[in-house]
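Structure, as structure tokens:
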Number of protein chains: 2
Amino acid sequence: MAQKKKYLSKNQKIVLDIIEKSAQPMKAYSILFNVQKKGLKAPPQVYRALDKLVEIGKIHKIESRNAFIACRNSACTITNATAFSICESCEDVKEISSSKLSKYLSNFQDKEGMKFNKYNLEFFGLCKKCK
Amino acid sequence: MAQKKKYLSKNQKIVLDIIEKSAQPMKAYSILFNVQKKGLKAPPQVYRALDKLVEIGKIHKIESRNAFIACRNSACTITNATAFSICESCEDVKEISSSKLSKYLSNFQDKEGMKFNKYNLEFFGLCKKCK
DNA sequence: ATTACAATGTTATAATATAACAATAAAAGA
DNA sequence: TCTTTTATTGTTATATTATAACATTGTAAT
């Protein structure tokens with residue numbers, strides 16, 4: 001289980017802040033560009049903050065896009081069971097919070113009866129606007 | 001729907017061949033290294049073959065690992081509904097073929113009733129050996 | 001034969017991410 | 001308090017993953 005942290009460090013706050021202000025996932029170097037005025041000059045500073053924020057569930061990585069999105073889900077308790085919808089036209093990304101879906105996937109067993117403590121699911125299609 | 005292609009080109013065959021021989025996902029530059037003796041010298045040659053092979057469903061990309069695995073599923077008809085289990089210790093990857101799971105996910109609708117024509121699901125945990 | 005399209009070869013470079021190390025700061029234990 | 005441990009920071013350099021751009025060749029369809 002990922003640690004619950006009460007306080008974020010300075011760099012972590014700066015990075016989280018910019019991601020939360022964005023409606024859409026942000027790429028690491030776009031974040032870097034945006035936080036340079038705040039003194040974060042080099043990639044490792046951003047990547048370290050990103051790593052920590054992912055670890056504690058404040059943000060999620062959209063693997064197919066190499067981008068990071070703020071978690072708006074149930075006070076960010078979900079770090080190990082993530083699902084997203086991604087519009088293949090406008091790249092709009094939404095986090096899906098469906099207890100039915102998460103129950104189904106958390107209980108899923110493979111052919112050998114194995115269960116998994118973690119998953120990431122990315123749905124693709126066209127959003128309302130683009131359809 | 002991805003095209004069904006009867007014949008692969010020379011480079012596509014070479015790249016597919018090396019991936020099929022590997023029990024585990026291969027990274028693009030590892031593939032490149034392995035096919036240099038066959039005349040593929042530069043990244044674009046490999047990436048182009050990979051793109052096409054993904055498109056026609058002969059291989060899948062494991063997004064969280066930036067690696068490519070051969071499809072062993074039902075004659076590779078599934079290019080748009082993929083699920084994998086990934087061992088976080090030994091990095092063993094298996095494609096999951098469960099018609100129950102794929103039906104469940106293909107029929108999944110989000111809160112707005114939207115359906116998706118494509119998804120990718122990656123489960124994480126410890127495999128039998130590593131547990 | 002001509003046209004279109006797919007695939008190839010090549011060079012260069014963009015985009016994403018980490019290694020390694022020195023220095024500070026914050027938290028926890030004596 | 002102090003001192004020890006752990007987390008965080010700053011920095012430079014470099015590794016890894018992926019694509020742009022363009023000239024050329026091969027293949028299939030008209």
Side-chain angles (χ1 to χ4, degrees), chain A residues 2-19 22 24-69 91 93 120 122, chain B residues 2-19 22 24-69 86 88 91 93 120 122:
Chain A
Q3 308 280 45
K4 275 290 136 185
K5 270 185 59 166
K6 272 195 183 156
Y7 303 111
L8 298 177
S9 75
K10 176 180 136 264
N11 290 359
Q12 289 158 15
K13 267 179 229 154
I14 292 171
V15 169
L16 178 58
D17 189 54
I18 186 99
I19 297 174
S22 167
Q24 289 306 310
M26 291 188 77
K27 305 215 146 208
Y29 276 73
S30 157
I31 294 166
L32 176 59
F33 177 80
N34 276 276
V35 297
Q36 271 172 344
K37 59 193 80 124
K38 305 230 172 183
L40 281 84
K41 294 181 199 153
Q45 297 175 294
V46 168
Y47 278 101
R48 285 191 293 228
L50 289 172
D51 287 349
K52 207 47 119 178
L53 292 168
V54 166
E55 190 188 322
I56 63 178
K58 288 287 187 187
I59 64 173
H60 304 300
K61 182 171 187 183
I62 309 299
E63 294 286 357
S64 66
R65 298 297 187 262
N66 298 318
F68 301 86
I69 193 172
E91 293 293 320
V93 174
N120 179 55
E122 299 181 4
Chain B
Q3 308 279 42
K4 275 290 138 187
K5 271 185 59 167
K6 271 194 181 158
Y7 302 112
L8 297 177
S9 75
K10 176 177 137 265
N11 289 1
Q12 289 159 14
K13 267 180 227 154
I14 292 171
V15 169
L16 178 58
D17 190 54
I18 187 100
I19 297 174
S22 167
Q24 289 306 310
M26 293 188 76
K27 305 214 147 210
Y29 276 73
S30 157
I31 294 166
L32 176 58
F33 179 80
N34 276 276
V35 298
Q36 272 172 343
K37 59 193 83 121
K38 305 231 174 184
L40 281 85
K41 293 179 200 155
Q45 296 175 294
V46 168
Y47 278 102
R48 284 191 293 228
L50 289 172
D51 286 349
K52 206 48 121 177
L53 292 167
V54 165
E55 190 188 321
I56 64 178
K58 289 288 188 187
I59 64 174
H60 303 299
K61 183 170 186 183
I62 309 299
E63 294 287 357
S64 66
R65 300 297 185 261
N66 297 317
F68 299 86
I69 193 171
I86 302 172
E88 287 183 303
E91 293 293 319
V93 174
N120 179 55
E122 299 181 5

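All chains are named by letter (A, B, ...) in the order of the sequence lines, taking the proteins before the strands, and each is independently numbered beginning at 1.
At least one side-chain nitrogen or oxygen of B:Asn11 sits closer than 4.0 Å to the OP1 or OP2 atom of C:dG9. For the pair A:Ser9 and D:dA7, the criterion of a side-chain N or O lying under 4.0 Å from OP1 or OP2 is not met. Under 4.0 angstrom from either OP1 or OP2 of D:dG10 there lies at least one side-chain N or O belonging to A:Lys10. For C:dT8, the OP1/OP2 oxygens have no side-chain nitrogen or oxygen of B:Gln45 closer than 4.0 Å.
Under the side chain to side chain contact (heavy atoms under 4.5 Å, CB included) criterion, B:Phe33 pairs with B:Gln36, sequence neighbours left out. Listed by chain and residue number, A:Glu63, B:Ile62, B:Ile86, B:Glu122, B:Phe124 satisfy the side chain to side chain contact (heavy atoms under 4.5 Å, CB included) test with B:Ser64 (two or more places apart in sequence, or in another chain).
Of the listed nucleotides (C:dA20, C:dT16, C:dA7), C:dA7 has the atom at the smallest distance from the side chain of B:Gln12. Comparing C:dA17, D:dA18, C:dT10 by their closest approach to the side chain of A:Phe68 singles out C:dA17. Residue A:Pro43 has its side chain nearest to C:dA17 when only D:dT9, C:dA17, C:dG9 are considered.
Looking at every heavy atom in both residues, B:Gln24 comes nearest to B:Val93 through OE1-N, 2.7 Å.
What separates NZ of B:Lys61 from P of C:dT16 is a distance of 11 Å, to the nearest Å.
Listed by residue number, the members of residues 26-35 of chain B with any heavy atom below 4.0 angstrom from DNA chain C form an empty set.
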